[in-house]
Engineer: 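Here's a structure for you.
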Amino acid sequence: MRRLVTRIVNRVLLSEQFAPVMGTEAEIHSQARRKLASGKKNPTSPATCHLMDCCLNLVTNVYFKVVGLGNPGMEATRHSVGMAVLGALAARLGVADRWRGDKHVSGEVIVSEVQHTHVVLLRPKLLMNINGVSVAKAAGKYGIKSEDILLVHDDLDKPLGKIAVKHGGSARGHNGVRSCVDCLQTDVMPRLRVGIGRPAGKTSVERHVLGRFTSEEQKILTSVLVQSVDLLLSQLSHQDSQSPTSPVGGRRAAQKRKERDCSAPPAQDSAAADG
């Protein structure tokens with residue numbers, strides 16, 4: 001019943017109309033195309049043609065979106081570790097002071113660039129269970145395909161200190177990912193899964209994921225954030241040189257997906273029992 005209610009809320013919020021704002025690159029592209037069309041009757045100078053070519057080359061660069069899933073106002077909790085990774089990525093790119101609230105996408109956004117790849121960083125301002133509404137709205141606004149949206153989220157089934165890249169497939173019980181799958185109507189989105197481990201003793205899962213990292217865990221987390229950002233930058237830097245190999249039909253693609261696990265050095269001693 002709770003899942004049904006969440007799906008209905010996703011649909012209702014996603015149906016709210018918003019006006020997509022044309023970005024500078026798209027505007028240049030439109031102007032260049034109009035000039036090229038008029039150029040059939042009014043030939044332009046070689047210098048102008050060169051300028052138009054530069055403009056058209058600019059807008060053919062890849063757009064990629066990285067989303068840190070989590071709960072707004074609870075960025076320091078285990079469940080919102082995806083937002084912590086995104087904050088570390090913004091800091092590494094030198095754009096941490098450029099977060100701007102965008103009511104059209106129900107989130108905070110930074111638009112930056114990694115080599116020739118335009119990167120949209122998104123922190124949803126909606127609860128985890130309906131993060132997908134923000135993700136889908138941002139995808140529509142910036143014209144980003146689902147396979148070019150990388151979700152960063154916590155993973156109970158991996159110990160703290162382990163991260164894994166997953167190429168599409170099911171949500172594996174993660175409500176934020178499930179919301180994204182529901183709102184985008186596909187499960188092809190790649191994910192960076194950041195291990196937080198399962199609760200010890202009689203601590204409930206809910207209390208565990210909504211709790212803050214302990215001082216000992218913070219030491220491991222510092223290394224995890226560095227390694228996660230390294231991996232994200234590696235992924236982003238290859239977007240310009242690789243042709244998209246988006247899976248056709250998320251479920252079938254999931255059968256062929258590859259998964260890579262990585263361990264942060266400080267966590268190697270404590271991660272032995274949890275594969």
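These figures come from a predicted structure and were not determined experimentally.
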Engineer: Do R193 and H174 touch side chain to side chain, with heavy atoms closer than 4.5 Å?
Structural biologist: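 With C-beta onward as the side chain, the pair stays apart.
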
Engineer: Atom CG of L184 and atom CD1 of I149: how far apart are they, to the nearest 0.5 Å?
Structural biologist: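 The CD1 atom of I149 is 5.0 Å from CG of L184, to the nearest 0.5 Å.
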
Engineer: Can you see which heavy atom on F213 is nearest to which on A76, and at what distance?
Structural biologist: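 Heavy atoms of F213 and A76 come nearest at CD1-O, 3.9 Å.
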
Engineer: So, using salt bridge (charged side-chain N to carboxylate O under 4.0 Å, His left out) as the criterion, who are the partners of E75 when residues are at least two apart?
Structural biologist: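 E75 satisfies salt bridge (charged side-chain N to carboxylate O under 4.0 Å, His left out) with no other residue.
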
Engineer: Looking only at heavy atoms, which two atoms of P190 and E147 are closest? And how far apart?
Structural biologist: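 In this case the closest contact between P190 and E147 is CD-O, 3.6 Å.
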
Engineer: Name all residues meeting the side-chain contact (heavy atoms from CB on, under 4.5 Å) criterion together with S215; count only those two or more places apart in sequence or in a different chain, and write none if there are none.
Structural biologist: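 For S215, no residue satisfies side-chain contact (heavy atoms from CB on, under 4.5 Å) once neighbours in sequence are set aside.
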
Engineer: Are R191 and D155 within salt-bridge range, i.e. N to O under 4.0 Å?
Structural biologist: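 Answer for the salt bridge query: no.
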
Engineer: With salt bridge (charged side-chain N to carboxylate O under 4.0 Å, His left out) as the test, would you mind laying out the steps for K65 and D148 before giving the verdict?
Structural biologist: CA-CA 6 Å; K65 181 168 70 175; D148 292 330; over 6 Å; no

Engineer: Give the C-alpha distance, both sets of side-chain angles, the deciding distance and a yes or no for side chain to side chain contact (heavy atoms under 4.5 Å, CB included) between V224 and Q227.
Structural biologist: CA-CA 5 Å; V224 169; Q227 188 180 14; 5.7 Å; no

Engineer: Has R123 got a side-chain atom pairing as donor or acceptor with G68's backbone, closer than 3.5 angstrom?
Structural biologist: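 Judged by distance alone, no pair lies under 3.5 Å.
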
Engineer: So, R92 and D230, do they make that salt bridge, N to O below 4.0 Å?
Structural biologist: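 Judged by the 4.0 Å cut-off on N to carboxylate O distance, R92 and D230 do form a salt bridge.
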
Engineer: Taking all non-hydrogen atoms of both residues into account, name the closest pair between S179 and G132 and its distance.
Structural biologist: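 Closest heavy-atom pair between S179 and G132: OG-N, 2.9 Å.
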
Engineer: I'd like to check the salt bridge (charged side-chain N to carboxylate O under 4.0 Å, His left out) partners of R78; sequence neighbours left out, ordered by chain and number.
Structural biologist: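 With neighbours one apart ignored, the set is E217.
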
